[in-house]
Amino acid sequence: MAQVRVRFAPSPTGFLHVGGARTALFNWLFARRAGGKFVLRIEDTDRERSKPEFEEGIIRDLQWLGLDWDEGPSLGGPLGPYRQTERASLYRDQLKKLTSAGNAYYCFCTHKELEAERASAVEAGKSYRYSGKCRKLSPAESEEKRKSGLPFSVRLRVAEGATTFSDIIRGQVTVEHAEIDDFILVRSGGEPTYNFVVTIDDALMKISHVIRGDDHLSNTPKQILIYKALGLSLPLFAHIPLILGEDRTPLSKRHGASAVGEFKRQGYLPEALLNYLALLGWSLDGKTELFSKDDLIKKFSLDRVVKSAACFSYEKLQWLNGHYIREADEERVYQLCLEYLWDADAINEDFMREGGPALKRMIGTVKNSLKTISDVGDQITYFLGEVHSYDAEAFAKYLVPETIPILEKVVLVLEDTVAFSAMSLEEKFREVSKETGKKFAEFVHPMRLAITGRAASPNLFELIEILGKGRCLVRCLRFIQMIKAELSKGESVKTPAPPAE
RNA sequence: GACCCCAUCGUCUAGAGGCCUAGGACACCGGGUUUUCAUCCCGGCAACACGGGUUCAAAUCCCGUUGGGGUCGCCA
């Protein structure tokens, strides 16, 4: 069997979208699985919209996902170049073959004429197809017009009949040629069009399997027509379903993040996104959800790709991301959080001098509650700065005189403790609760509120250890003052001044 | 509009005629563990779009309807 060669062919006119990333992933997996080659080709024939920075961005995102390619721009390879704008001579050669064999012809219709044709077709309620006016030109007429300097495009001469192909995922697809007009191969400016170049590139790069988005299904017959006109052998096609938003419309910014770079910025791990993308449209057995890259390489196959479009679920991605964050080692999560907090201006050099060493431990305590790295900021505010506000519900609950002696006791215990470690602190408070006949929780909850401002936190004693005696005492003392002040305010409210008449 | 493609819980999916009173996962709701939260464990809710066939038997095959998506560019 011939070597498996697949390609991912993005156009550098924007960022790498998750749909594109999944297409790249499926191609990559297929190649790795088969021991074949994965080719990266840049489709930059749209000179207007193509930008080098988009190409760089796409490459960076692919690398971030860990999808490496065997041949591509800058890397090179035996069948390059791998940027379409650098392949002009190849297209010219193939075009010559088509025109000399009479499979393509010159078209001198102007935009205006075509626009008129299109307009009348629309008016008649029919779908537009090129009339084939210039197809009837004799070789002599055509030559004469060309010599006279008239601008011309080149069109494929599409014969009558139908094209049927067998898609690996869809099965047999048939399109009548009546549905296809003599489409343009080369624009009047001399630039080849997408359908033309993609076909030549795939053929010349010896691509064995074209795995791409469903949106190209309708283009496939056109491309097959070109392969045939050129006498090239056909690759196998596999059209994977599109990714939609939660409302079943095409996924876009409107739905939330849709570019790979955005997911990265929001604190998703590449292995989580990759795992999720693999599950969108593919499954192993309907039961296994967690896949490492190596698992995927071992298990992936195109015949388990579904036919129907899938809705992107941010919730499920988050679940996977949380799973991989929990699984990741602490150092890595710390580094990612650090980077995030720094970029978000939540920490600076001053902070790092003071609180830097404890930050790592702090992040360790919240690690298994993070769904994304960007959650970290919210979860450790009481560590990053002072406590300015308190959970309203909890505050109301502890806004009672009974809280005061409890916290005063807490202060005493904290002041008293020499070995300021989570373990000994907890032991101490267990003892105190026994001595005082109060429940352990009766100390813990108000203490947590005073120290973190929250009703929920990671292991409180660990936090106390990390925050240090001084800060905890200050916060408890201040909380006591606040309770007292609020309570006395309450009293004066109880005896309101007589209403003014 | 024409053509092409698709159709199982809210979402991702398993299911290739009897194994299906339709399985798993996310989300959601209960319960347990925990100082609270998160994690973890246990349980629950919830679907074969509709209508016709074919068959002893259909989520699975055929036809139609409806719904969704794609394409119809001198964009890719």
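The analysis underlying the following values was restricted to heavy atoms, covering all of them including side chains, and did not include hydrogens, waters or symmetry mates. Because the structure is a prediction, the values reported are computed rather than measured. Chain letters run A, B, ... following the sequence lines, proteins first, then strands; residues in each count from 1.
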Q: Rounding to an integer number of Å, can you tell me how far A/K307 NZ sits from B/rU8 P?
A: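 Answer to the nearest Å: 12 Å.
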
Q: Could you check which of B/rA76, B/rU35, B/rG23 has an atom nearest any side-chain atom of A/N195?
A: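 Nearest to the side chain of A/N195 among the choices is B/rA76.
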
Q: Whole angstroms only, please: what is the CD1-P distance between A/I380 and B/rA38?
A: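 After rounding, the gap between these two atoms is 19 Å.
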
Q: Between the protein and nucleotides 67-73 of chain B, which nitrogen or oxygen pairs are less than 3.5 angstrom apart?
A:
{"from": "B/rU71", "atom 1": "O4'", "to": "A/S218", "atom 2": "OG", "distance (Å)": "3.4"}
{"from": "B/rG73", "atom 1": "OP2", "to": "A/R118", "atom 2": "NH1", "distance (Å)": "3.2"}

Q: What integer distance in Å separates A/L463:CG from B/rA38:C1'?
A: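 About 13 Å, once rounded to whole Å.
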
Q: For nucleotides 29-33 of chain B, give me every protein contact, N/O to N/O, under 3.5 Å, one pair per line with atom names.
A:
none

Q: Do the ring planes of A/F15 and A/F54 sit parallel (below 30°), tilted (30 to 60°) or perpendicular (above 60°)?
A: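 Perpendicular, since the angle between the ring planes exceeds 60°.
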
Q: When you get a sec, tell me which of B/rU36, B/rC6, B/rC12 is the closest nucleotide to the side chain of A/K316?
A: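 Nearest nucleotide to the side chain: B/rC12.
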
Q: Side chain of A/E289 only, heavy atoms from C-beta on: which candidate in B/rU35, B/rG24, B/rC40 is closest?
A: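 It is B/rG24.
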
Q: Take the protein atom CG of A/D303 and the nucleotide atom P of B/rA16, then report the distance between them rounded to whole Å.
A: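 Answer to the nearest Å: 14 Å.
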
Q: Please list all pairs passing the salt bridge (charged side-chain N to carboxylate O under 4.0 Å, His left out) test where one or both residues lie in residues 106-116 of chain A, with sequence neighbours left out.
A: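 Listed by first then second residue: A/E113-A/K133, A/E115-A/R118.
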
Q: Between the base of B/rU34 and the side chain of A/N459, is there a donor and acceptor pair under 3.5 angstrom?
A: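 Between B/rU34 and A/N459, which were checked side chain against base, a qualifying N/O pair under 3.5 Å is absent.
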
Q: Which nucleotide in the list B/rA14, B/rA27, B/rC5 gets nearest to the side chain of A/W319?
A: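 From the listed options, B/rA27 comes nearest.
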
Q: For B/rA2, which nucleotide in any strand shown is its Watson-Crick or wobble partner with both distances under 3.5 Å?
A: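 Base partner found: B/rU71.
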
